[in-house]
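Here the structure is laid out as structure tokens; the discussion comes afterwards.
Given the structure is predicted, the values throughout are model-derived calculations rather than measurements. For the single chain, residues carry numbers from 1 onward in sequence order. Values reported hereafter were calculated over all heavy atoms of this structure, with side chains retained and with hydrogens, waters and symmetry mates removed. All ligand and atom numbering here is 1-based and tracks the order in the structure.
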Amino acid sequence: MSSDGIDATRTAPAAAGGPLAAVEPVPGVAKPDPILTASHIRRSFGGLTAVNVDHLEVQRGTITALIGPNGAGKSTLFNLLTGFDKPNEGTWSFQGQPLNGVAGHRVARRGMVRTFQLTKALTRLTVLENMLLAAPGQVGEGFFGAFGWWMWRRQEQANRERAMELLARFKLDAKKDDIAGSLSGGQRKLLEMARALMVNPSMVMLDEPMAGVNPALVQSLLGHITALRDEGTTVLFVEHDMDVIMGISDWIVVLAQGQVIAEGRPSDVRSDQQVIDAYLGTQHDEPQGAKTEEKP
Ligand SMILES: Nc1ncnc2c1ncn2[C@@H]1O[C@H](COP(=O)(O)OP(=O)(O)OP(=O)(O)O)[C@@H](O)[C@H]1O
């Protein structure tokens, strides 16, 4: 157990007795307490329908994996739900509030935040600067004159404290003044996660959190993800590594050709013939880390 109270070596058992225990594993099934609900979401690119989801609910306080073969529509669905793309049709709500037409940065302010790979520009900034840029909206300096200045200073201070707390949690505090581009692949993933937490979200969406991560850091990342869930944060993640998916997910949603073809607990999904035919049968079950690299 680390000093911040996180057992980084622990991975979660699938939530056999959790809130999803009695939920029937069928596509579109209602959840007891959904934090996110989406209906009739369709997104086409020319003649190609990338996403065509009838109904999907994500249970609050769980780790839900979104899986499927390449081109299944996972990233497109992430972009739509978080306001970084617009569907041709569909409605969705977060914490009971409709999100249609809400821009990405406002979606994040409402508590649903997604991780982004560090852009080239961000890799040239220090780790701490990256964190501060991810902080929630700033009070303008000119706002109410001297009072605005005082507010701005206070907010700066609070952001700095939150950033340092999160960097300590992810064991990046000693690297706060390092250029982000000098971090290893795994440390970058930790920084991406830490940046997302700057807005204190109710739900985090992680896009392939294990891609490019050295096996030594995989356990640490898994520990951080389950710790988030255990603190009450809802986690939705896209991942290809089946060991990771089966090891930490409370619930798995399977997309194929834009549609939800199955959802359920890991044990339900593993034995679903349609999933095996569409995805698992074609999945090269590489050992964890076989396709990874540590240095960018
Ligand atoms: N901007 C775009 N313009 C045209 N086609 C797109 C665009 N974005 C995605 N697509 C197409 O939509 C389909 C779904 O792509 P998407 O990236 O969402 O799949 P994915 O499940 O995330 O795949 P992967 O696992 O390979 O990342 C693919 O056929 C893709 O080529």
Verify the cluster assignment for Leu190 and Leu132: are they in a single hydrophobic cluster under the rule of side-chain heavy atoms below 4.5 Å apart? yes
* Is any NZ, NE, NH1 or NH2 atom of the basic residue among Lys176 and Asp173 found under 4.0 Å from an Asp or Glu carboxylate oxygen of the other? -> no
For this session: Start with the C-alpha gap between Gln155 and Asn159, add the side-chain angles, then the distance that decides, and say whether side-chain hydrogen bond (donor to acceptor under 3.5 Å, both in side chains) holds.
Result: CA-CA 6 Å; Gln155 191 177 49; Asn159 289 344; 4.9 Å; no
Side-chain donor-acceptor pairs of residues 191-199 under 3.5 Å, sequence neighbours excluded:
| unit_1 | atom_1 | unit_2 | atom_2 | d |
| --- | --- | --- | --- | --- |
| Arg195 | NE | Asn130 | O | 3.0 |
| Arg195 | NH2 | Asn130 | O | 3.3 |

Residue pairs passing the side-chain hydrogen bond (donor to acceptor under 3.5 Å, both in side chains) test with at least one member in residues 27-36, sequence neighbours excluded, are Lys31-Glu263, Asp33-Arg60
Across all chains, not counting sequence neighbours, the salt bridge (charged side-chain N to carboxylate O under 4.0 Å, His left out) partners of Glu129 are none
Near ligand 1 (heavy atom, under 4.0 angstrom), the protein residues are Phe45, Leu48, Ala50, Pro69, Asn70, Gly71, Ala72, Gly73, Lys74, Ser75, Thr76, His240
